[in-house]
A.B. asks: 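One structure, as structure tokens, below. Some questions next.
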Amino acid sequence: MGKIRAEGKKLIFERKDELTVIEPYGENCLRCRSTKNGKILDENWTVLPAAPDCCVIEGDAEKMKISNGLISAVVEAGNPWYGGIITYYKRENDKEEKQILRTKFEGDYTNRNRHVEGDHYQIQVIFEANEGEHFYGMGQEQEDLFDRKGSTCQIIHYNTKSTLPVLYSSLGYGIFWNNPAPGRCETTRNHTMFVADSAYQADYFIYAGKTPAETVKRYCDLTGYAPKFPRWAAGFWQCKLRYESQEDLLETAREYKRRGIPIDVIVIDFFHWTQQGEWKFDPKYWPDPKTMCQELEEMGIRLVVSVWPTINPASENYQTMSEANMLVRTENGQFGTFDFYGQQTFVDVMNPKTRKFVWNKIRENYCQYGIKSFWLDEAEPEVHPQQPAHLKYYLGNGAQVAQLYPFYYAQTFYDGLREEGETEIISLTRAAYPGSQRMGALVWNGDIMSRFQNLKMSIKSGLSMGMCGIPWWNSDIGGFINGDIESDYFRELIVRWFQFGVFCPVMRLHGARLRPSDHKMRHPEIIEPSGGDNEIWRFGERNYPILKALIELRERLKDYTCQYMDIASATGAPIMRPMFWDFYQDETCYTLEDQYMYGEDILVAPIYEEGCMQRRVYLPEGRWIPVKGGQMDSAPDAVDGSRWVDCSAQLDEFIAFIKEGSDVLKCFMKA
């Protein structure tokens, strides 16, 4: 039979093959670590240090309770087989506590850790399921769900999937699984379970708040807050796969300006470089980056440049980096982990020496021209086949640490830019890990298909990332793969996606469009030619004024967007937020997955089905003014909330409601 004891602020349970420690970690938060090894490892991974907190420990060797603000845990010694049960409670008021979690006994097989190698085990932590509970979070992937209850999520990164092991419960608490190993999370009807495929110990945080906002803030206290959002990033971003040359890029920027279309950012995509792993412009196609950057600056357009972490032996940096162990290595076999124009491996950004080396190249080859913003593609990193245990990183084997890669990738650029004195730091990245937000990560949901189904899933991806402390998020407007700009299907899709993009944290047009029949290859010899055109005047005469008006609306919303981005930096509250965020006492709001709030005052209900011109919308309490566009002559009458309404929207209209009395209504009115 195990014994329970208190040591300072720690509650400790120990028995054969198990050592468990529960302690306070910040406000209204408990941290639990458990191992089969003889000692607890003091490894925080990406978690920030916590301020000292008071806690109360009471009980005896058979049953003991530790309390920290709203959260408490009771450990029962039990018997040799059924011992060590932990029950977590959330304090509802001065007199009442509600059980929120209880570890579940499922026999020795699941409750004991299975050995993998050395001091590492497959770790499983299992809780009993709660009837009627909803879960939100776990990052983003191409799945048609926001509520995670009844689902299983693999904890792994790959293109279109970025897993952040964080859950918010409709019961008002959060779970953060602090293990960077691949694994899985099950939020099924019979249990809630986290698994790490190979780890030294289980490590998780349970925290709570009186509202969703307070609870997510507790999580952000653990992992950090986004820096101040740059105003230039709040407008329209123009991007495509890809502008092949300096002149191609400048021609596009000039045309946007000639047409009077607001544009804040233009992006240079991949293969502008000489070789993967050299991080510099190919002088054949980009002969004068300094003059290019000066012209863009004069037009008021920020330049963002794509950087990949891939490298191969043809790179001038390969031998130096390989011999200094600055590359991701393989445990067995040759260097190649990704076949893309030859076998590539990835730079090991978990190694501080690598981060310094790569940044020096970026500073030398980009920053000297005034380029201060970067697109961190391949951030997972993209490895084929996906066998994390085959990879050797500076911090350990991939089976234990692989999920950390996007965090350190973003840190490479965040730290480097800060050293250069840059204060407006934002990096577009395809993957994230808890804490990435404090490194200026703007996450997008990867190379998704150009389909209405993916538009619908993108709504849920954005909401999920917001519940994981990632307030800076966007999708490729129009989707990335197989968009046919000559088809009626795509021309309808691009408008509906633009309408969604107006009310995303960042509005960015991107995609690898199919080349039309009359497409002319401008540089036939180039290694990676451009896809079809992707500027807003390329999608048909009917669409052009619609898209231009949407960009103009986004421009008028800049003050509103920046206001809520500042709130995100201070509190962790995302600007793109689920309905229950502000209306947490309304049970209906926990079931809504395809409408959301953009800040506190704009309710957005995107249309995401082909040929659809109407949909139902739930209005929470209050009075709401319907808007269908950005140039109304007069404001319609407000309608009462706490009910469902049927709405219609032609292709040149969207469905949104403004909270009565909000100043943002003026952005939707004619000047």
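The first residue of the sequence shown is numbered 1, and numbering continues consecutively from there.
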A.B. asks: Pairing donors with acceptors under 3.5 angstrom, does anything connect the side chains of Ser475 and Trp497?
C.D. replies: yes

A.B. asks: For Tyr243 and Gln238, test the side chains for any donor-to-acceptor distance below 3.5 angstrom and give the result as yes or no.
C.D. replies: yes

A.B. asks: Check this for me: does any side-chain nitrogen of one of Glu422 and Arg418 sit under 4.0 Å from a carboxylate oxygen of the other?
C.D. replies: no

A.B. asks: Is the Phe500 ring parallel, tilted or perpendicular to the Tyr596 ring (thresholds 30°, 60°)?
C.D. replies: perpendicular

A.B. asks: Looking at every heavy atom in both Leu303 and Cys293, which two are closest together, and how far apart are they?
C.D. replies: CD2-SG, 3.8 Å

A.B. asks: Quick one: do Glu492 and Arg496 make a salt bridge, cutoff under 4.0 Å?
C.D. replies: no

A.B. asks: So which atom in Gly478 and which in Ser450 form the shortest heavy-atom distance, rounded to 0.1 Å?
C.D. replies: O-OG, 2.7 Å

A.B. asks: Glu525 and His523: side-chain donor and acceptor closer than 3.5 Å?
C.D. replies: no

A.B. asks: Give a yes or no answer on whether the side chain of Glu255 reaches the backbone of Thr252 with a donor-acceptor pair at less than 3.5 Å.
C.D. replies: no

A.B. asks: Show, in sequence, the C-alpha distance, side-chain angles and deciding distance for Asp264 and Arg231, and conclude whether the side chain to side chain contact (heavy atoms under 4.5 Å, CB included) test is met.
C.D. replies: CA-CA 9 Å; Asp264 282 332; Arg231 184 176 177 82; over 6 Å; no

A.B. asks: State the NZ-CG distance between Lys240 and Leu509, to the nearest 0.5 angstrom.
C.D. replies: 10.5 Å

A.B. asks: Could you tell me whether Asp566 and Lys228 have a side-chain N and a carboxylate O separated by less than 4.0 Å?
C.D. replies: yes

A.B. asks: Could you tell me whether Glu295 and Arg254 have a side-chain N and a carboxylate O separated by less than 4.0 Å?
C.D. replies: yes

A.B. asks: Within the side chain of Arg554, is there an N or O that forms a donor-acceptor pair under 3.5 Å with the backbone of Ala549?
C.D. replies: no

A.B. asks: Short question: side chain of Thr160, backbone of Gln142 - any donor-acceptor pair under 3.5 Å?
C.D. replies: no

A.B. asks: Are the side chain of Gln344 and the backbone of Phe340 linked by a donor-acceptor contact shorter than 3.5 Å?
C.D. replies: yes

A.B. asks: Considering all heavy atoms of both residues, which atom of Asp601 and which atom of Ser662 are nearest to each other, and what is their separation?
C.D. replies: OD2-OG, 3.1 Å

A.B. asks: Please confirm whether the backbone N or O of Thr274 pairs with a side-chain atom of Asp282, one donor and one acceptor, at under 3.5 Å?
C.D. replies: no

A.B. asks: Are Asp582 and Arg577 close enough, and set up right, to give a salt bridge (charged side-chain N to carboxylate O under 4.0 Å, His left out), and what steps lead you there?
C.D. replies: CA-CA 9 Å; Asp582 295 301; Arg577 54 183 65 170; 3.2 Å; yes

A.B. asks: So, Arg491 and Asp484, do they make that salt bridge, N to O below 4.0 Å?
C.D. replies: no

A.B. asks: Ignoring hydrogens and angles, tell me if any N or O in the side chain of His157 forms a donor-acceptor pair with the backbone of Thr163 under 3.5 Å.
C.D. replies: yes

A.B. asks: Does atom CD of Gln563 have more than 12 heavy-atom neighbours, drawn from other residues, nucleotides or ligands, at distances under 6.0 Å?
C.D. replies: yes

A.B. asks: Atom CG in Asn534, atom CG in Leu241: separation rounded to 0.5 Å?
C.D. replies: 9.5 Å

A.B. asks: Are side-chain N/O atoms of Tyr341 and Glu528 paired as donor and acceptor at under 3.5 Å?
C.D. replies: yes

A.B. asks: Step by step, work out the side chain to side chain contact (heavy atoms under 4.5 Å, CB included) result for Ile448 and Ile481.
C.D. replies: CA-CA 6 Å; Ile448 61 178; Ile481 299 173; over 6 Å; no

A.B. asks: Just so I know, are the side chains of Phe583 and Glu621 near enough to count as touching, which here means a heavy-atom distance under 4.5 Å?
C.D. replies: yes

A.B. asks: Decide whether Gln276 and Thr310 meet the rule of one side-chain donor and one side-chain acceptor closer than 3.5 Å.
C.D. replies: yes

A.B. asks: Just verifying a value: how many Å separate Thr429 OG1 and Ile470 CD1, rounded to the nearest 0.5 Å?
C.D. replies: 9.5 Å

A.B. asks: Flag the pair Arg430 and Glu380 as a salt bridge only when some basic side-chain nitrogen lies within less than 4.0 angstrom of an acidic carboxylate oxygen.
C.D. replies: yes

A.B. asks: Just verifying a value: how many Å separate Cys239 SG and Asp476 CG, rounded to the nearest 0.5 Å?
C.D. replies: 7.5 Å

A.B. asks: Does the ring pair (Phe, Tyr, Trp, His ring centres under 6.0 Å) test come out yes or no for His510 and Phe480, once each step is laid out?
C.D. replies: CA-CA 7 Å; His510 184 52; Phe480 182 75; 5.4 Å; yes

A.B. asks: So, for Met465 and Trp473, which heavy atoms are closest and what is the spacing to 0.1 Å?
C.D. replies: CG-CD1, 3.7 Å

A.B. asks: Can you check ring pair (Phe, Tyr, Trp, His ring centres under 6.0 Å) on Tyr598 and Tyr564, steps first, answer last?
C.D. replies: CA-CA 9 Å; Tyr598 188 69; Tyr564 281 95; 7.9 Å; no

A.B. asks: Any chance you could measure Asp646, atom CG, to Ile655, atom CD1, to the nearest 0.5 Å?
C.D. replies: 10.0 Å

A.B. asks: Students often mix this up, so state it plainly: with edges at 30° and 60°, are the rings of His134 and Tyr590 parallel, tilted or perpendicular?
C.D. replies: parallel

A.B. asks: Closer than 3.5 angstrom, by distance alone: can the side chain of Arg615 be matched with the main-chain N or O of Ser648 as a donor-acceptor pair?
C.D. replies: no

A.B. asks: Relative to Tyr560, does Lys558 satisfy both conditions: NZ or CZ under 6.0 angstrom from the six-membered ring centre, and within 45 degrees of the ring's axis?
C.D. replies: no

A.B. asks: In Å, rounded to the nearest 0.5 Å, how long is the span from CD1 of Ile625 to CD of Glu660?
C.D. replies: 5.5 Å

A.B. asks: Given the rule in the ring pair (Phe, Tyr, Trp, His ring centres under 6.0 Å) test, do Phe539 and Tyr544 qualify, once you have shown the distances and angles that lead to the verdict?
C.D. replies: CA-CA 7 Å; Phe539 307 132; Tyr544 173 66; over 10 Å; no

A.B. asks: For Trp375 and Trp444, I'd like to know if the aromatic rings sit close, meaning centre-to-centre distance below 6.0 Å.
C.D. replies: yes

A.B. asks: Identify whether the distance between the nearest side-chain nitrogen and carboxylate oxygen of Arg538 and Asp533 falls below 4.0 Å.
C.D. replies: yes

A.B. asks: Between Trp308 and Asp377, what is the shortest heavy-atom contact and its length?
C.D. replies: NE1-CB, 3.2 Å

A.B. asks: Salt bridge check, Lys456 against Asp144: does any charged N sit closer than 4.0 Å to a carboxylate O?
C.D. replies: yes

A.B. asks: May I ask you to decide if Met565's main-chain N or O and Ser569's side chain share a donor-acceptor pair within less than 3.5 Å?
C.D. replies: yes

A.B. asks: Between Tyr489 and Phe452, is there a donor-acceptor pair closer than 3.5 Å when you use the side chain of the first and the backbone of the second?
C.D. replies: yes

A.B. asks: Take Tyr366 and Phe281 through the ring pair (Phe, Tyr, Trp, His ring centres under 6.0 Å) test and state the conclusion after the steps.
C.D. replies: CA-CA 8 Å; Tyr366 295 112; Phe281 287 109; 5.3 Å; yes

A.B. asks: Give a yes or no on this: more than 12 heavy atoms of other residues, nucleotides or ligands lie within 6.0 Å of atom CD of Glu297.
C.D. replies: no

A.B. asks: Other residues, nucleotides and ligands only: do more than 12 of their heavy atoms fall within 6.0 Å of CG on Asp640?
C.D. replies: yes

A.B. asks: Only one of Cys468, Ser461, Ser464 clears side-chain contact (heavy atoms from CB on, under 4.5 Å) with Gln140; which?
C.D. replies: Ser461

A.B. asks: Could you report the tightest heavy-atom contact between Ile426 and Pro230, atom names first, then the distance?
C.D. replies: CG2-CG, 4.2 Å

A.B. asks: Hey, does the side chain of Thr591 reach the backbone of Thr588 with a donor-acceptor pair shorter than 3.5 angstrom?
C.D. replies: yes

A.B. asks: Identify whether the distance between the nearest side-chain nitrogen and carboxylate oxygen of Arg522 and Glu244 falls below 4.0 Å.
C.D. replies: no

A.B. asks: Using the side chain to side chain donor-acceptor pair (under 3.5 Å) rule, take Glu424 and Trp232 through it: C-alpha gap first, then chi angles, then the decisive distance, then the call.
C.D. replies: CA-CA 9 Å; Glu424 295 185 337; Trp232 57 261; 3.1 Å; yes

A.B. asks: Give the ring-plane orientation class for Tyr409 versus Phe413, where under 30° counts as parallel, over 60° as perpendicular and anything between as tilted.
C.D. replies: perpendicular

